[in-house]
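So the structure is just underneath, and the comments pick up after that.
Computed over heavy atoms, backbone and side chain alike; hydrogens, waters and symmetry mates excluded.
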Amino acid sequence: MAENINDFGSSEGSTVIPIEEPSGIILDPEEEKVLNAQIKVDERKQSYFTLYRFATKFDWMIMFIGLLFSAGAGAAMPVTTIIFGKMIDFFTQFQLHMMSNDEFQEQINYFALIFVYLAISIFFATYLSISTWVYSGERLTRQIREHYLRAILRQNIAYFDKYGAGEITTRITSDTHLIQDGISEKASLSLQYIAQFISAFIIAFTTSWKMTLVICSFIPYIIIISGIQNKFAAIFTKRGLDSYSRAGIIAEEAISTIRTAVAFGSQKKLSNLYDTYLIEARKEGHKKAVLIGFALGLTLFGIYATYSLAFWFGSTLIISHELTSGQVVNVFFSVIIGAFALANLSTDLQAFSFATGAGSKIFEAIDRVPSIDVASDAGAKFENVEGRIQLKNINFVYPARPEVKILNGVSLDIEAGTTVALVGSSGSGKSTIVSLVLRFYDPVSGEVLLDGHNIKSLNLTWLRRQISLVGQEPVLFNTTIAGNVAHGLIGSVYEHLHDDKKREMIEDACKMANAHDFIMNLPDKYETMVGERGFLLSGGQKQRIAIARAIVKDPKILLLDEATSALDTRSEGIVQDALDKASKGRTTIVIAHRLSTIRNATKIVVMNKGVIVEMGTHKELMDKKGPYFNLVEAQQINQALSTEKNSESQEDEDALFNIKNNKNKNDIPEEDNQITRVITNKSVSSAFLSKQKADIEKGMKHEEDYTTWELLKKIAYINKPEFFMLLVGLLAAIVSGGVYPVFAIIFSSIIQAFSEQGDDLRHEATFWSLMFLVIAGANFFSNMIQQICFGFSGERLTKRIRSMTFASILRQDIAFFDEEEHSVGTLTGQLSLDATHVNGLAGATLGSVLQVVATIIACVIVGLVTGWKLTLVCLCAIPLLVGSGALRMKMQNGFQQKTKKAYEHSAQIACEGAANIRTVAALTREEDLWNIYHNLLNEPMRQGFNNAFLSSTTFAFAQTVNFLINALAFWYGSRLFMDNEYDLKKMFTVFMAIVFGSMSAGRVFAFVPDMAKAKSASATIISLLERVPLIDTWRQNGQKVERVEGHIKFNDVHFRYPTRPKIPVLRGLNLDVKPGQFAALVGPSGCGKSTSIGLLERFYQVTGGSVTIDGMNITTINVNNLREHIALVSQEPSLYDMTIKENILFGCRPGENPSQDDIERVCREANIHEFIVGLPNGYETRVGGKGTQLSGGQKQRIAIARALIRNPKILLLDEATSALDSESEKIVQRALDAAARGRTTLAIAHRLSTIQHADVIFVLKDGKVHEQGTHQELLNLKGTYYMMVQEQHLGESN
């Protein structure tokens, strides 16, 4: 609630430091206990097996079956090496004439069939092991998701103060995916790898323990290298990501406050700041590229060096007749298969540790029983409720901020059926009382009573169902208007009424809340979707729907927390009416900053710093001339109707009263009608807009329009500075690709050598083993160079693209940011993700692709040259081998991607609930939300099951293709062998080149990031880089003006927003503001006040008429030059996450360098210098993201100082004080009045007291000037302005 944010010393004088001194609160142990119980979470270390907590007997059975099959599939893999060894022996014996034709034929056919049988059994075993675990993983994760959401919705509000909705969103989206990843197919695959490892080493050791130990010597080497690599890669990656996230924060702040950035012409400064972080990230990327290059080179060197040692040692064992050549090959491949199984296992183990880590936080929440527990059935429920509320000696501290005492011994008695208003500066404890009545928190001491019962003894859900709340920022949920109002019926006696009856109640509530008429004007009436957080409706409309939702169940107690603060006078009058109607006959507690809204209350309670300073009726308190009187005075509007004041005031009151009561349908505020206005014949403006849009589109390609070739050319152009580096990398990639066929030739030569005898055998084997070392060296250099070159060029490309994209985003005009597809989230996402994806079309990917192509071409050439017949037969299988390798990699990544996508929509609901937990709790919507979520999980779960049963087929097929091809190659090879067309060397050269070459090719697909992603990312980026906005800050054209007088004139200006071309905003606006005048714009929301300021800053192009400064049309002035003479202070001042001094310097004109004295001068003018000097770090104090470390008033005054540092001739104030309480408003208003001296000032205000001294006031209505004059002249006119003053007037009407 508002309180939490503004408790930082809001009613400051000029020297108070904002963060309240810890008030040295000493709580006794009992109070400590109450406080801690609300936020304590027991931290528990969860084990991996806790993740299976919700598994049923059925789940356990399925998982057990899966494990049996996965162990079988794993153990079967190494068995193939025995067959392979046997085959080699048969070929060798046949060549040495130790075997007859028939015998040879028979053995080969027999073992080829065994290959086929093995393939079939591995297919089924793999399929069953994967599908059972994916299936049970889906079921278990769904249970965890549901239990988690239920646990979260059950938590008390203090828990959310501590953890924030963002964390919960992350848990329910990404953390549950991590868990699912750790308990699905990875678990069964891990067992498969373990079984594979064990059976491989059993086979190897039983065949020859000596040779096995020799080959195992390379395992520690590999472990050490990968250990070092992982350690340092993690460090470099983390540092790089930290720099990127800092850059991301700057981008997010800049884009979300784009109007400020553009108004101050600070795009260049922001770009430079962004680039400094990118350069840091790039440095870390370079280190990582060198590290990975070396590690990969050394690993490959080690593997090939081991081949060399193994075959040399094997030859000595053959000479001493300990082994046959087939057994040497058998041991060799067994150890290799076992080692690869271990490597695969290590990546999966990571998934388990992630899952366990994610699980511990989730299960902590599931196991937490809050001290204020909605899910508990305990507590009394009564038939009848009177509605009398008493607070007895309440002391309260927010659990999340125990150092600040909020309520200090507050006692208050609210009689049933009365209306009590709470007023006071922000931070005085008003909203806290509302929270205590709803039992969002428990006081540390004292008690809250309802009809004489302590609310702790009442059932919590029942208690909240007796109360309705309308908050300051009404939260609507993403459903229809009727659906939103119906949320108010949850838990009431009306909840299960027939739909027609319900609809009638909903409509009655909306009529009462003054919302029925505008709803009926909407195209879909009550079925209109309100959008996320209700963003498709205006503030006043949302507020009225929230009121309807609150009163639909006819609650006994109504709580209104600043229910009209967000509205302009006109809407406020209507909503206030609705509230007055709504509070009849029930207990109502009202909080208001605008005192005009509460003068009819039964009792007004004035609070300050957590104590009640006075209470009574409006009249009693005005007569006392105490704190309330001062608050009223601060907001009072000087009504100087001196002459006719008394005689006419009574008639005016009556007239006003009649107008208020006779509001008829034609009197609905402008904003309500706007949505439905449809334009039939195109007006000038809409024709202009469509032409403007066409012009922009003509010069701009859409993302779909680029061909891949065009994109490659454009990306290559951006990557041009790294041309030489890329060239070296590509050459290295071709060399790396050529290693494989050379390996095939050496391998077959060794097999051939093994069939020799005595010295020939020793000599040949030693020679070819040494050749393996040569390959090892070549491989080391080519892979290292390839990795480093592509790593460097990739990092530089990423940096360059991010930097260019960010600059290009800041270059766009404001209309670009109004479009829905250019939200802050989308654009910051594009900056971080797209730049990374583009790398997929650049260096590294090209390198990998080239390496594969080189491998395949070289293998095929070697095969055809050596023996074309077997090559052609094996070639038929290449698509299958390459395809299955690629498929397997895709499946492993795909499982995850698919589930993530499917759960996005349901996560939306969970996030919405967590983010708006106060509204959910007040409406007792917990069960309702959980049910919606539960039903939304059905669809993704169905997809998950499909995933389990369909995708597993392709995965299993990919595992078995190799065996079938081995069988084919051996069988056909034996034919050629018997006809004496081939010898051992020919046969195995072709076999190794084609079969193993294509397998390695399939493997490389793992490194190819999604090309489609890269293509769409490049298209997005290129279309953004090439987009030239209509109002372009990069262009140097237009005249440059040295100094301006500040004479502003609007001549018959027409305007519509480009995103809403059907709705006219300005319809012939004429304004004339003389140099040095203070001019004010007032009027209902939607009449075009802020739009006029936007047009003066040239955020948009006018659609008709002209805006001139000193007689020059602003479209002829250079846009950057124009903005140098203007400064803007807006409603929500946007500060950046840097020091106070840097924030102020942000307002300088380009090329200016103000001294410290200049900075202090403008801070004195802005009435903030004393405050800054009082801070421990003075001007070097960091303000936090969006200035969160400061209160509203302090931020606003720093924004004023920032505007003044450029010494502007024209000062624009857009509602500069609307968000402040009376006290801060006075201080800021003083600063603004001082700032306006000697400049032309254009101010917009809802609170008329802030502009009564203006030189000229323009009252806008329907997009043109309705009345103009000074305050006094307009009052004498007795027109719209007079009415607005009356509505805000706080005089004694009782």
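- With hydrogens and angles left out, the side-chain atoms of S1018 and K714 include no donor and acceptor closer than 3.5 Å.
- Put simply, the side chain of E764 never gets that close to the backbone of L761: no donor and acceptor are under 3.5 Å apart.
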Apply ring pair (Phe, Tyr, Trp, His ring centres under 6.0 Å) to the pair F977 and F91, showing each step before the final yes or no.
-> CA-CA 8 Å; F977 211 76; F91 278 100; 4.8 Å; yes

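- Contact check for R796 versus H286: side-chain heavy atoms found under the 4.5 Å cut-off.
- With no hydrogens or angles considered, no side-chain donor-acceptor pair links S188 and S70 at under 3.5 Å.
- Between the side chain of T855 and the backbone N or O of G737, at least one donor-acceptor pair lies under 3.5 Å.
- Aromatic rings of Y127 and F124 (six-membered ring for Trp) have centroids beyond the 6.0 Å cut-off, not under it.
- The ring of F747 has its center no closer than 6.0 angstrom to the ring center of Y307.
- Between L964 and F115, every side-chain heavy-atom pair lies at or beyond the 4.5 Å cut-off.
- No donor-acceptor pair under 3.5 Å is formed between the side chain of S308 and the backbone N or O of Y304.
- A ring-centre distance under 6.0 Å is not found for F197 and Y193.
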Give the C-alpha distance, both sets of side-chain angles, the deciding distance and a yes or no for ring pair (Phe, Tyr, Trp, His ring centres under 6.0 Å) between F90 and F111.
-> CA-CA 11 Å; F90 295 142; F111 280 107; 5.6 Å; yes

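- Side-chain atoms of F970 and F991, non-hydrogen and from C-beta on, do get closer than 4.5 Å to each other.
- A salt bridge links K210 with E322: at least one charged nitrogen is closer than 4.0 Å to a carboxylate oxygen.
- In this structure, K986 forms a cation-pi arrangement with Y982, its terminal cationic atom sitting closer than 6.0 Å to the ring centre and no more than 45° off the ring axis.
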